[in-house]
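The structure appears below as structure tokens.
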Amino acid sequence: MHGMISRPPEAATKNIATSRVVLLLLVVMTGIAPISLYMLVPALPVLATTFGSDISIAQMTVSLYMVGIAMSQLIMGPLSDRFGRRPVLLGGLALMVAASIACIFAQNLPQLIAARFFQALGGAAGMVVSRAIIRDIYERDRVASMISLVVAALMIGQMVSPLTGGLIETAFGWRAIFYAITIGAIIVAVGIAVALPETRRTRAAGGGFRRDVGMLITNRAFVGYVMCQVLASQIIFTFAGGGPYIVVTQMGRSSAEYGAWFATTGFAYLVGNLLCVRFAPRHSLANLIWFGLALQLCGSLLNLLWSFTGWNEAPAWLFGTQMIVMAGNAFVMANSAAGAISIRPEAAGTASGAMGFLQQGIGALMSQFGAYLGGHSITTLPLTSAVLAISLLCACMMIFVVPRREVVVSEELIEQAEEEETGMM
């Protein structure tokens, strides 16, 4: 008898993996929470005026939403390992629909802030579970490329969501944004109910959350991959936190010009993900991570050099070099995420959730740190130094934490690990 874990039937898994409908569902379930976040941002001044509150209070509809996303990552991943991907996704979307309706009928900002927290808590289930589903249905050497493909499609949605939210608010008022989010969540839930089969690996007695967590946190490869991915994401949060102060305050440019320049880094990240989709099937996970780390370090060093010379006091130098960092960042994040969720495939939800929680939780702090560096200095040097330091720490995770023999998490190693768990029977 071959015990602990059983895979989905090979033919069924192949059909799911080649389904364009399933791929579309992976994109929309990943994107519904972050897109809902950015759609409300243009309406924040209107919310402050409507409810007679300070803009900092209205900002809590965004900051508490991010806390909800972080908490959801920690909760929904383990639940999807235990109860299945479909029930957790449908339950999360049901919570999002209920919270979105509560947002529509909110009479004051505290009610709206509370409803937004639960909206994020439910909606972000798709972010963590989608990575687990990718690991369930795709072969190990396609995981990174599929994560990159989903993220690339998501980036396009995130780029247009603030514009969409602004147009809806201008035409119909801020409550109409939540009508749109509610309808979108219902459509995604119906699509999952109709077209997405259960993909979770069947577990026998003896597995569970505590066992999964214990085995993951004691695995050097898992810790190394997770920290590499999390640190890479902090480059984005830190730069995004300090960028507005540097461009608007130090350089004397408008906020609209800052938005246009910042969009170039999002474009570079999108290009990096598309290149990763192309190269991942033909190159090892470790080589792709090292390539991304090299780009990150190269771009970070150049930006630090421009800070010493004063060249990146112009946006073209600052953001042009940051685009190199972001293209490499896409390689690092996608492939280290693939490595982390491949260490213990039947606990992919728990692994994905832990990674997402750390990314969002630490990201909130690093965003504030970046804002402090940008807002309390007269040059770009503190911010570019911080980005270089994070890039170096990210590389150190691959050098000193991830064991060389486990850099490539092959299907053979996964099978071997499962055999060791099962034992001889």
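Predicted model only: the values in this text are computed from it and were never measured.
Note: Phe369 CZ to Ile362 CD1 = 13.5 Å, rounded to the nearest 0.5 Å. The distance from atom CG of Leu25 to atom OG1 of Thr30, rounded to the nearest 0.5 Å, is 10.0 Å. One finds the OG1 atom of Thr238 at 15.0 Å from the OH atom of Tyr372 (value rounded to the nearest 0.5 Å). Residue Ser391 holds its OG atom at 8.5 Å from CG of Leu293, rounded to the nearest 0.5 Å. The OG atom of Ser300 lies 9.5 Å from the CD1 atom of Ile324; values are rounded to the nearest 0.5 Å. Taking CG from Asn329 and CD from Gln322, the interatomic distance works out to 8.5 Å, rounded to the nearest 0.5 Å.
Side chain of Arg253 to main chain of Pro315: no donor-acceptor pair is present (N/O by atom type, distance under 3.5 Å, no hydrogens or angles). A distance-only check finds a donor-acceptor pair linking the side chain of Gln250 to the backbone of Ser377 [under 3.5 Å]. The main-chain N or O of Cys103 is never found under 3.5 Å from a side-chain atom of Gln111 such that the two would form a donor-acceptor pair. Checked by atom type and distance alone, the side chain of Ser233 pairs as donor or acceptor with a backbone atom of Val230 at under 3.5 Å. Remark: the backbone N or O of Leu288 is not paired with any side-chain donor or acceptor of Asn335 at under 3.5 angstrom. A distance-only check finds no donor-acceptor pair linking the side chain of Arg116 to the backbone of Tyr65 [under 3.5 Å]. Proximity of a side-chain donor or acceptor of Ser72 to a complementary backbone N or O of Gly68 within less than 3.5 Å is not detected. Panel note: side chain Arg86, backbone Ala193; a donor-acceptor pair is recorded below 3.5 Å. In terms of modelled atom types and a separation under 3.5 Å, the side chain of Thr265 and the main chain of Trp261 share no donor-acceptor contact. The closest donor-acceptor contact from the side chain of Thr61 to the backbone of Ala58 lies under 3.5 Å.
The aromatic ring centres of Phe178 and Phe105 sit 6.0 Å or more apart. Under the 6.0 Å cut-off for aromatic ring centres, Trp174 and Phe51 qualify, their centroids lying closer than that.
Residues Leu302 and Trp311 have side chains not in contact (no heavy-atom distance under 4.5 Å, counting atoms from C-beta outward). Val402 places none of its side-chain heavy atoms less than 4.5 Å from the side chain of Met397. Put simply, the side chain of Ile236 reaches to within 4.5 Å of the side chain of Met333, judged on heavy atoms. Under the 4.5 Å side-chain criterion, counting only non-hydrogen atoms from C-beta, Ile35 is not in contact with Ile181. Looking only at side-chain heavy atoms (C-beta outward), Phe172 and Ile177 stay at 4.5 Å or farther from each other. Contact of the Met355 side chain with the Arg131 side chain is registered, since non-hydrogen atoms from C-beta on lie closer than 4.5 Å. Looking at Met127 and Ser352, their side chains never come closer than 4.5 Å, going by heavy atoms from C-beta outward. In this structure the side chain of Met29 reaches within 4.5 angstrom of the side chain of Ile133, judged on heavy atoms.
Atom CZ of Phe118 is surrounded by 12 or fewer heavy atoms from other residues, nucleotides or ligands within 6.0 Å. Heavy-atom neighbours of Met71 CE from other residues, nucleotides or ligands within 6.0 Å: at or below the threshold of 12.
Ser100 and Gln119 form a side-chain donor-acceptor contact under 3.5 Å, judged by distance and modelled atom types alone. One side chain, Ser80 or Arg85, offers a donor N or O that lies under 3.5 Å from an acceptor on the other.
Looking at every heavy atom in both residues, Met76 comes nearest to Ala125 through CG-CB, 3.8 Å. Heavy atoms only, all atoms of each residue included: Gln296 and Val332 are closest at OE1-CG2, 3.8 Å. Between Leu74 and Pro78, the closest heavy-atom pair is O-CD, 3.2 Å. Closest approach of Ala185 and Val97 over heavy atoms only: CB-CG2, 3.7 Å. Here the closest non-hydrogen pair linking Leu297 and Ala395 is CD1-CB, 4.3 Å. Considering all non-hydrogen atoms of both residues, Pro87 and Glu198 come closest at CD-OE1, 3.5 Å.
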Can you check side chain to side chain contact (heavy atoms under 4.5 Å, CB included) on Leu381 and Leu304, steps first, answer last? CA-CA 7 Å; Leu381 184 59; Leu304 185 67; 3.5 Å; yes
Between Val271 and Met326, does the side chain to side chain contact (heavy atoms under 4.5 Å, CB included) criterion hold? Intermediate values first, please. CA-CA 9 Å; Val271 171; Met326 293 304 297; over 6 Å; no
Full working for side chain to side chain contact (heavy atoms under 4.5 Å, CB included) between Val325 and Leu295: CA-CA 6 Å; Val325 178; Leu295 285 180; over 6 Å; no
Walk me through it: do Ile168 and Met39 pass the test side chain to side chain contact (heavy atoms under 4.5 Å, CB included)? CA-CA 9 Å; Ile168 292 174; Met39 282 184 70; 3.8 Å; yes
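The residue from Leu216, Val401, Ile341 that alone fulfils the side chain to side chain contact (heavy atoms under 4.5 Å, CB included) condition with Phe222 is Leu216. If you run side-chain hydrogen bond (donor to acceptor under 3.5 Å, both in side chains) between Trp306 and each of Thr321, Thr380, Thr384, Asn312, only Thr321 comes through.
The side chain to side chain donor-acceptor pair (under 3.5 Å) check on Gln234 picks up nothing, with sequence neighbours excluded.
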